[in-house]
Amino acid sequence: MRILITGGTGLIGRQLCAVLKTQGHELTVLSRHPETVAAMCGPEVRPMSSLDEWTSDRVFDAVINLAGEPIVDAYWSEKRKQVLLDSRVGLTEKLVQRIASAQQKPTVLLSGSAVGYYGNGVETVLDEAMAAGHDFPSKLCTLWESAARAAERSGVRVCLLRTGLVLSKRGGLLGPMLLPFKLALGARLGDGKQWMSWVHIDDYVAMVLRLLHDASLNGAFNMTAPAPVTNTEFTQALAKTLHRPALFVAPSFVLKLAMGERACLLLEGQRVIPKRLESAGFQFAHPELEGALQDLLK
Ligand SMILES: NC(=O)c1ccc[n+]([C@@H]2O[C@H](COP(=O)([O-])OP(=O)(O)OC[C@H]3O[C@@H](n4cnc5c(N)ncnc54)[C@H](OP(=O)(O)O)[C@@H]3O)[C@@H](O)[C@H]2O)c1
């Protein structure tokens, strides 16, 4: 397949490119830094610096849309929120316009979203039928999804990737946690009761491949392992895997002071299950957290 990937230079995108290449697909990565694409994704991956390069006669069989400004990195001022929105919703709208004007349209668009769709601090077990929440991450995901869904009007199959906390040894959630935990400074966050809907990156990529190839699947999919854990359970599992104690607590008020509204990402969470992919028979290589951590940190 000829596949266009946005965000292909990111944590998930790089792993996805590596696997798609082994399957013989022809990859193009849209990047603000096209000169880095070869080093990040491989020399055979074609860089694209602007969607203007997608002329109406250029053919992509599939589009995977993962681009987005990092959500945790900076304080959520109104200006920052707009940057987060523009880099996801704005880019997705442009992508969908390109799809609509292509002479030969892709058959499928896989487009990013996050478990934040459901809002933070929800105790209920959440499958894909549950409603969106009301906080900023929820608004961001709702608008992002609705921009992608517009591609359905061009006859394109659209799958929305409601992504959980992707565990990878190359970065993401685990990256900044490893050093303090290795130094026996690992800490539970707040009361530790908040849910963490995690997924091993290999399972995540396998889910993306299933959605790419299975024409019977469309709509929203929770991209998480089937066994979410509380923050206390996550802290204990990581400490155990690294053979270190985790004796500390990062108090809620300190995190709220340091992070402002963003602290909801750490102190509140959601208990998400991948009901639709499991119903479709998807088998997880790493369904339990301890096994996933052992595999990643061995
Ligand atoms: N990793 C997770 O645990 C997780 C959880 C939930 C949702 N997600 C979502 O899944 C997507 C992929 O995640 P990831 O961890 O691979 O993200 P990542 O490592 O931060 O990479 C995202 C990519 O998006 C592009 N990007 C960043 N800012 C941009 C901007 N202002 N305009 C256009 N493109 C921009 C960058 O590509 P260039 O620099 O090459 O342009 C970057 O490589 C993201 O949208 C993320 O929000 C991830």
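All values derive from a computational prediction rather than experimental measurement. Atoms within each ligand, like the ligands themselves, are counted from 1 in listed order.
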Q | Numbered atoms of ligand 1 (with element) below 4.0 Å of S31, judged on heavy atoms | A | 38 (P), 40 (O), 41 (O)
Q) Does R2 count as lying over the ring of F60, i.e. NZ or CZ under 6.0 Å from the six-ring centre, within 45 degrees of the axis? A) no
Q. Less than 4.5 Å apart, any side-chain heavy atom of L296 and any of H286?
A. no
Q. If you measure every N/O of R88 against every N/O of ligand 1, is any gap under 3.5 Å?
A. yes
Q.
Within the 4.0 Å heavy-atom shell around A114, which atoms of ligand 1 are there?
A. 6 (C), 7 (C)
Q) Would you say V83 and ligand 1 have an N/O pair spaced under 3.5 Å apart? A) no
Q: Check each atom of ligand 1 against the heavy atoms of H33 and keep those under 4.0 Å away; list them by number with element.
A: 39 (O)
Q. Are G8 and ligand 1 in contact, using a heavy-atom cut-off of under 4.0 Å?
A. no
Q) Below 3.5 angstrom, do we get any N/O pair linking P70 and ligand 1? A) no
Q. Ligand 1 and G68, any nitrogen or oxygen pair closer than 3.5 angstrom?
A. yes
Listed pairs under 3.5 Å, donor-acceptor, residues 204-217 side chains, sequence neighbours left out:
from : atom 1 : to   : atom 2 : distance (Å)
Y204 : OH     : T163 : OG1    : 2.8
R210 : NE     : D214 : OD2    : 3.0
R210 : NH1    : A280 : O      : 3.2
R210 : NH2    : D214 : OD2    : 3.0
R210 : NH2    : A280 : O      : 2.9
D214 : OD1    : S216 : N      : 2.9
D214 : OD1    : S216 : OG     : 2.6

Q | Atoms in ligand 1 with a heavy atom of A67 nearer than 4.0 Å | A | 24 (O), 34 (N), 45 (O)
Q) Should the pair R88 and W144 be classed as cation-pi, given the thresholds of under 6.0 Å to the six-membered ring centre and 45° from the axis? A) yes
Q | Sequence neighbours excluded - salt bridge (charged side-chain N to carboxylate O under 4.0 Å, His left out) pairs with any residue from residues 221-250 | A | K240-E290
(Q) Is there a polar contact, in the sense of an N or O pair closer than 3.5 Å, between I12 and ligand 1? (A) yes
Q: Considering the heavy atoms of G10, write down every atom of ligand 1 situated less than 4.0 Å from one of them.
A: 16 (O), 18 (P), 19 (O), 21 (O), 43 (O)
Q: Could you list the atoms of ligand 1 found under 4.0 angstrom from a heavy atom of W144?
A: 45 (O)
Q) Just distances here: any N/O of T9 and N/O of ligand 1 closer than 3.5 Å? A) yes
Q) Do T163 and ligand 1 have an N or O pair less than 3.5 Å apart? A) no
Q: Tell me, please: is Y204 in heavy-atom contact with ligand 1, that is, under 4.0 Å?
A: no
Q: Would you mind listing which atoms of ligand 1 come within a distance below 4.0 Å of any non-hydrogen atom of S87?
A: 30 (C), 31 (N), 32 (N)
Q. How far is atom 3 (O) of ligand 1 from its nearest protein heavy atom, and which residue and atom name does that atom have?
A. V166 N, 2.9 Å
Q: Look at atom NZ of K21 and say whether more than 12 heavy atoms of other residues, nucleotides or ligands are closer to it than 6.0 Å.
A: yes
Q: Provide, to 0.1 Å, the distance between atom 44 (C) of ligand 1 and the closest protein heavy atom, together with that atom's residue and name.
A: L66 O, 3.2 Å
